[in-house]
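Worksheet: one structure, shown below.
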Number of protein chains: 2
Amino acid sequence: MIEITDATVLTRLRDFLATAALPDDGRLPPERELAQSLEVGRAALRKALATLQSEGVVWRHVGKGTFTGERPIDTVADINAMVQRTNPLEVMGARIAFEPEVARCAALHATAGQVAEMRSCMLKAQQAPTWRQYEQWDNRLHRTIGEASQNSLLLGLLDTLNAVRRAVTWGRLRDTPLRPPADHHSFEEHARIVAAIADRDGAGAADAMRRHLRSVESHMRDRL
Amino acid sequence: MIEITDATVLTRLRDFLATAALPDDGRLPPERELAQSLEVGRAALRKALATLQSEGVVWRHVGKGTFTGERPIDTVADINAMVQRTNPLEVMGARIAFEPEVARCAALHATAGQVAEMRSCMLKAQQAPTWRQYEQWDNRLHRTIGEASQNSLLLGLLDTLNAVRRAVTWGRLRDTPLRPPADHHSFEEHARIVAAIADRDGAGAADAMRRHLRSVESHMRDRL
DNA sequence: AACCAAAACCAATTCGAAATTGGTTTAGGC
DNA sequence: GCCTAAACCAATTTCGAATTGGTTTTGGTT
């Protein structure tokens with residue numbers, strides 16, 4: 001067996017990468033297979049791959065394979081991982097940071113139909129006979145505001161945030177009054193948010209949402 | 001076999017729900033098993049379950065099972081779905097809405113170590129010999145800002161946003177100059193953001209980040 | 001003794017068939 | 001005609017085998 005230098009292996013690998021027809025996800029053949037087809041040993045190939053990985057040309061993962069390009073951040077938006085890592089106060093903090101900006105975008109982009117739906121959700125929340133149904137309409141209202149931003153990515157992030165929020169607060173049954181009291185603070189706060197959005201007042205909508213969420217946060221702290 | 005009325009089945013089911021020790025995810029036993037233990041037929045049980053489902057008491061899904069409570073919104077934050085639905089302009093819009101608020105939180109919560117890391121990333125981005133390495137340090141800088149918010153959920157949402165962003169812009173290789181020019185606009189903008197964060201100036205940090213992203217957006221539009 | 005290549009082993013992940021679960025239809029009894 | 005049980009179908013989960021990268025061991029050569 002003629003001795004093959006590290007440089008030769010690296011050159012063959014680069015040539016391979018420059019010419020091979022790879023699948024869409026940029027996945028290379030398995031090391032054992034690639035070593036064979038390049039006529040080099042697996043250990044030498046692994047050395048060359050390590051070099052390319054340090055240059056950001058490829059990335060490798062046990063059990064998955066070897067891929068061209070930079071290693072993606074592991075954000076397979078894993079909701080369960082987020083739920084394990086966070087807590088109710090963080091959730092409130094994230095909501096206070098994020099949702100006013102969603103409301104701001106909604107004020108600039110909402111359709112008349114969406115504003116009408118916000119009003120409908122708001123009224124139904126007020127008339128809800130049980131807490132559970134109140135929360136259904138509350139959720140519907142907040143999501144309609146996200147839809148009204150006309151930005152599917154913002155909506156996706158809002159949905160992610162809400163999924164985490166529900167999981168974090170899961171099991172917290174309200175064994176208190178059957179339904180929200182008539183003077184439930186959120187009613188007036190919802191009305192202010194929706195009015196600002198209807199008025200196309202971005203700053204007003206963001207401010208009203210921020211006040212609403214700080215109010216929710218304050219009530220939440222009272223219950224701890 | 002004594003005839004069992006629908007009302008009886010429903011009562012037994014409600015009693016079961018009121019007393020059973022269910023797993024954390026609220027999953028009920030499989031229909032066939034539950035029918036047996038309640039001593040009712042499966043068809044009758046299914047009828048009762050349908051009633052409870054219409055009341056929002058339980059939800060059912062083929063292949064998964066039957067669970068207490070409301071059916072969760074399908075927000076298994078699916079990054080691929082987000083990528084399919086969005087576009088570069090939406091990504092920029094979402095960044096402009098979201099990242100200034102992350103910077104604001106970072107200004108209030110960053111540790112000295114994190115500020116030092118931001119500075120390091122900033123300098124390394126400036127000195128990067130290739131666009132690829134510039135982008136690595138740029139990404140690192142933005143993520144450190146997210147970490148500095150000390151809110152794992154905000155960081156999770158930022159990571160999600162960045163994963164979508166990379167997927168949406170994937171394949172856009174920079175075949176232009178080998179490295180960023182010395183007067184690349186982002187350098188000064190990065191410096192302003194980091195300075196505001198170090199100064200604990202939340203509004204200043206948010207404003208600097210917003211300006212930076214609007215600048216990026218503007219350059220992006222110039223390239224379309 | 002040092003080095004290298006191949007083989008063996010280990011940990012993480014994927015794959016696919018079988019099993020499970022809700023949804024629907026069919027068959028048989030009253 | 002109605003009801004019940006059984007059979008069938010579609011969606012999902014489960015689990016062992018296979019695959020893939022990472023590391024160690026073995027054996028040969030210098």
Side-chain angles (χ1 to χ4, degrees), chain A residues 1-10 12-13 16-17 20 22-54 56-72 74-76 78 80-81, chain B residues 1-10 12-13 16-17 20 22-54 56-72 74 76 78 80:
Chain A
M1 172 65 82
I2 300 182
E3 182 178 296
I4 300 197
T5 67
D6 287 351
T8 303
V9 177
L10 197 52
R12 284 190 190 174
L13 185 54
F16 172 81
L17 287 176
L22 299 179
D24 282 353
D25 62 0
R27 192 170 184 278
L28 273 65
E31 289 179 358
R32 292 171 179 93
E33 186 182 309
L34 188 55
Q36 198 158 12
S37 64
L38 293 187
E39 295 181 318
V40 301
R42 187 177 162 213
L45 175 66
R46 287 185 52 74
K47 207 166 178 185
L49 284 171
T51 298
L52 291 192
Q53 176 161 313
S54 73
V57 177
V58 300
W59 63 280
R60 298 178 289 172
H61 192 114
V62 177
K64 285 189 175 192
T66 302
F67 301 81
T68 55
E70 279 260 338
R71 181 187 304 274
D74 257 357
T75 55
V76 186
D78 187 344
N80 286 331
Chain B
M1 174 62 86
I2 302 182
E3 183 178 295
I4 300 197
T5 67
D6 288 349
T8 302
V9 177
L10 198 53
R12 286 189 187 175
L13 185 53
F16 172 81
L17 288 176
L22 298 178
D24 283 352
D25 61 0
R27 192 169 184 276
L28 273 66
E31 288 178 358
R32 293 173 179 92
E33 184 181 313
L34 188 54
Q36 198 158 14
S37 64
L38 294 187
E39 294 181 320
V40 301
R42 187 180 161 209
L45 175 65
R46 287 185 54 74
K47 209 166 177 184
L49 284 170
T51 298
L52 291 192
Q53 175 160 313
S54 71
V57 177
V58 301
W59 63 281
R60 299 179 290 173
H61 193 114
V62 177
K64 285 190 176 191
T66 301
F67 302 81
T68 55
E70 277 260 340
R71 182 186 304 275
D74 257 355
V76 186
D78 184 345
N80 286 330

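Chain A is the first sequence line, chain B the second, and so forth, proteins listed ahead of strands; every chain is numbered from 1.
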* Minimum-distance pair of heavy atoms, taken over all atoms of L49(B) and V58(B) -> O-CG2, 3.8 Å
* Structure fact -> Rounded to whole Å, the CD-C1' distance (E31(A) to dC10(C)) equals 14 Å
* Asked: Closer to the 5' end of DNA chain C via nearest nucleotide, is it K47(A) or R32(A)?
  -> K47(A)
I'd like a list of close polar pairs between nucleotides 25-30 of chain C and the protein, N/O only, cut-off under 3.5 Å.
none

* Report the distance from atom CG of L45(A) to atom C1' of dA7(C), rounded to the nearest whole Å. => 17 Å
* Think H61(A) has a side-chain N or O under 4.0 angstrom from the OP1 or OP2 of dT20(D)? -> no
* Nearest listed nucleotide, side chain of R42(A), among dG23(C), dT13(D), dG21(D) -> dG21(D)
* Structure fact -> Whole-Å distance, R46(B) CZ to dA6(D) C1', equals 15 Å
* Nucleotide dC2(D), atom C1' - distance to CG of D6(B) in whole Å -> 12 Å
* Which atoms form the tightest heavy-atom contact between A48(A) and L13(A), and what is the distance? -> CB-CD2, 3.8 Å
* Rounded to whole angstrom units, what separation is found between the CD atom of E33(A) and the P atom of dT20(D)? -> 7 Å
* **Closest contact, heavy atoms only, R60(A) versus A50(A)** => NH2-CA, 3.4 Å
* **Q36(B) vs R32(B) side-chain heavy atoms within contact, under 4.5 Å** => no
* Send over the distance from D25(B) CG to dT12(D) P, rounded to a whole Å. => 16 Å
* Structure fact -> Sorted by position of nearest nucleotide on DNA chain C, 5' first, the leading residue of V62(B) and V40(A) is V40(A)
* T66(B) side chain near dG22(C) phosphate (N/O to OP1/OP2, under 4.0 Å) -> yes
* A35(A) and L45(A): which non-hydrogen atoms are nearest, and at how many Å? -> N-CD2, 3.6 Å
* Which pair of non-hydrogen atoms, one from L22(B) and one from R27(B), has the smallest distance, and what is that distance? -> CD2-O, 3.7 Å
* **Non-hydrogen atoms of F16(A) and P29(A) that approach each other most closely** => CZ-CD, 3.8 Å
* Selected nucleotide, minimal atom distance to R27(B) side chain, candidates dT21(C), dG22(D), dT24(C) -> dT21(C)
* Rounded to whole angstroms, how far apart are CG on L34(B) and P on dT20(C)? -> 17 Å
* **Length of the NZ-P vector between K64(A) and dG22(D), whole Å** => 13 Å
